[in-house]
Amino acid sequence: MAGRREGDDGEPGGVLAGLGWALARDLRLAVRTRSELAVQLLFYAIVVTLFPLATTPERTLLMTMGPGVLWVAALLASLLSLPRMFALDQADGTLEQMALSPWPLPAIVSGKILAHWLTTGLPVVLLAPLAALQYGLDGEAIAVLVAGLALGTPILSLLGAIGAALTLGVRGAGGLLALLVLPLYVPVLIFGAGAVDAVRAGLGADANLSLLGAGLIVAALGAPFAAASAVRIALD
Amino acid sequence: MAINWYRYASPATFYPVAGRLAPAFGALAAIFAAAGLWIGFALAPTDATQGEAYRIIFVHVPTAWMAMFVYLVMAFWSALALAFNARLSAMMAQALAPTGALMAALALWTGAFWGRPTWGTYWAWDARMTSTLILLFLYLGVIALRGAIDDPRRADRACAVLALVGAVNVPIIYFSVQWWNTLHQGATVSLTAAPKMASLMLAGMLVMSFAAWFWCIAAALWRVRAIILERERGSAWVAALPETNLRAA
């Protein structure tokens with residue numbers, strides 16, 4: 001591995017080197033399997049389209065439930081792409097080599113999480129304004145929705161990484177992953193969708209967005225370590 | 001007197017200890033439950049506003065408390081299991097999960113039966129009900145993860161990580177649900193403003209809480225004995241136990 005010389009255990013350089021290497025590698029892999037990314041986005045667009053068909057095209061009702069629907073769809077899209085994070089690397093043995101590398105595993109896991117967010121979370125953030133227009137949300141609400149998604153979807157990737165690592169190579173991993181991860185997503189959903197509701201009610205979304213930001217910091221500091229230990233458990 | 005905790009961390013030593021403790025706690029649970037139900041249904045006065053329907057709190061409140069508390073205990077044993085790689089701690093965590101899930105389910109069930117006559121609905125999206133439901137999902141997630149992994153040692157550690165992540169999240173979930181609830185519901189359904197409780201009602205509830213507490217301990221100990229037997233079935237001390245040698249006897 002290229003970084004073996006520069007990144008010994010405990011050196012601060014090892015953290016960034018490991019993170020950067022994993023990020024670049026996963027991004028390159030994602031670009032080479034573009035169609036899978038397109039499928040995630042289409043999934044998001046279709047779920048968002050289903051709700052008005054299942055309920056009503058009435059504008060006031062759509063405006064009321066729009067933020068919630070857009071957030072639930074973001075949760076599901078994130079969930080759908082989670083197994084990709086570790087499963088392929090485990091299948092071909094790459095994950096084991098990562099665990100053996102001199103770079104700290106949490107750093108490598110952080111790089112993979114960041115790559116996951118850039119390839120699945122960020123596109124949803126960028127697509128959301130379009131979907132929000134379909135639900136008749138106005139400019140300010142859309143801005144808050146996008147801000148909330150930008151703060152919240154990284155938390156989904158961070159928490160999801162723990163679930164993805166715990167269910168590595170487990171029977172019925174897909175359904176189990178949903179059961180493990182979705183309850184943990186509840187606060188993100190509440191604060192994210194609540195931010196749009198608050199701004200539509202004229203209350204201002206500062207509190208909700210601050211809480212999402214705080215959640216992001218806590219998750220970014222804690223989740224990579226939990227996910228890394230879960231990866232080690234799965235590799236034993 | 002210093003107790004040698006490491007001695008009891010061995011399944012072989014703990015198995016007979018649990019066998020003696022479990023019936024004792026079971027008997028305590030039965031005594032307290034009998035006393036608590038007697039206080040609750042015979043002595044406590046009828047509630048002025050809710051009539052007789054309120055009496056379900058003697059089951060509802062203790063189970064709701066235990067649902068939360070057992071999760072903390074499970075997380076505690078999980079942390080020990082991860083920190084010291086202790087098998088028995090992981091087995092205790094495994095034994096507690098179904099008990100906690102049962103407590104959460106009972107709390108929701110009795111809450112629904114209480115809600116129908118007093119609020120006029122089985123289910124309201126009240127903050128406490130919603131977070132108890134999510135707590136139940138967290139328990140079921142731990143149980144499902146355990147069931148999906150064949151290697152018990154891997155299952156131990158995976159479930160321990162999940163329980164700890166869940167324990168960090170439980171207060172956040174509770175806070176977020178409360179936040180959501182105040183934004184959407186206002187004070188349509190509130191128990192916090194309930195009138196002061198008669199002392200007999202409080203006494204009945206406390207006695208019933210002890211009963212629930214002892215029952216949880218007894219159930220967990222009984223279950224951990226079964227888990228020990230199942231996991232250690234290849235070992236010599238299990239083969240020498242009288243209860244595993246029924247055919248020879």
Side-chain angles (χ1 to χ4, degrees), chain A residues 64 68 155 158-163 165-198 200-201 203 205 207-208 211-212 214-215 218-219 221-223 225-236, chain B residues 71 75 78-79 81-83 85 90 101 104 125 127 130-186:
Chain A
T64 314
I155 308 179
L158 285 158
L159 291 177
I162 304 173
L166 284 174
T167 54
L168 263 181
V170 155
R171 267 189 316 251
L176 185 60
L177 185 59
L179 178 59
L180 300 191
V181 165
L182 286 179
L184 301 179
Y185 281 177
V186 165
V188 184
L189 176 72
I190 288 174
F191 294 133
V196 189
D197 281 345
R200 286 189 54 237
L203 292 172
N208 287 61
L211 284 167
L212 275 179
V218 172
L221 290 176
F225 294 94
S229 63
V231 166
R232 285 203 194 279
I233 290 167
L235 288 175
D236 271 0
Chain B
Y71 198 93
S78 299
L82 278 184
N85 203 15
W125 289 96
T130 313
S131 45
T132 306
L133 182 65
I134 293 167
L135 186 65
L136 176 62
F137 290 150
L138 289 176
Y139 275 121
L140 295 180
V142 173
I143 297 171
L145 183 64
R146 161 84 52 188
I149 303 177
D150 288 325
D151 174 18
R153 298 293 287 144
R154 188 190 156 188
D156 280 348
R157 291 193 290 150
C159 288
V161 170
L162 182 63
L164 286 178
V165 171
V168 173
N169 260 279
V170 162
I172 302 175
I173 290 173
Y174 184 76
F175 169 70
S176 69
V177 171
Q178 203 139 31
W179 174 283
W180 162 80
N181 189 247
T182 48
L183 188 71
H184 286 266
Q185 284 245 306

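Computed from a predicted model, the values in this text were never measured in an experiment.
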Please report the shortest heavy-atom distance between [X] and [Y], naming the atom on each side.
X	Y	answer
B:Gly141	A:Leu180	O-CD2, 3.3 Å
A:Arg171	B:Asp150	NH1-OD1, 2.9 Å
B:Ser176	A:Ile190	O-CG2, 3.4 Å

- Message: With a 4.5 angstrom heavy-atom cut-off, is it the side chain or the backbone of B:Val177 that approaches chain A, or both, or neither?
- Response: both
Nearest 0.5 angstrom please: [X] [atom1] to [Y] [atom2], how far?
X	Y	atom1	atom2	result
A:Leu182	B:Leu138	CG	CG	11.0 Å
A:Leu166	B:Ile149	CG	CD1	7.5 Å
B:Trp180	A:Asn208	CH2	CG	14.0 Å

- Message: If you define the side chain from C-beta out and look only at heavy atoms, does anything of B:Val161 sit under 4.5 Å from A:Arg232?
- Response: no
Given a strict heavy-atom distance threshold of 4.5 Å, which part of [X] is in contact with chain B: side chain, backbone, both, or neither?
X	result
A:Ala234	both
A:Leu189	neither
A:Ile233	both
A:Leu177	neither

- Applying side chain to side chain contact (heavy atoms under 4.5 Å, CB included) between A:Leu184 and each of B:Val168, B:Ile134, B:Ile172, B:Asn169, report the one that passes. B:Asn169
- Note on the structure: Most heavy-atom pairs under 4.5 Å with chain B, out of A:Val181, A:Leu179, A:Val218, belong to A:Leu179
- Item | Under-4.0 Å salt bridge between A:Asp236 and B:Arg157 | yes
- With sequence neighbours left out, write down each residue that passes side chain to side chain contact (heavy atoms under 4.5 Å, CB included) with A:Ala173, or none if nothing qualifies. A:Thr167
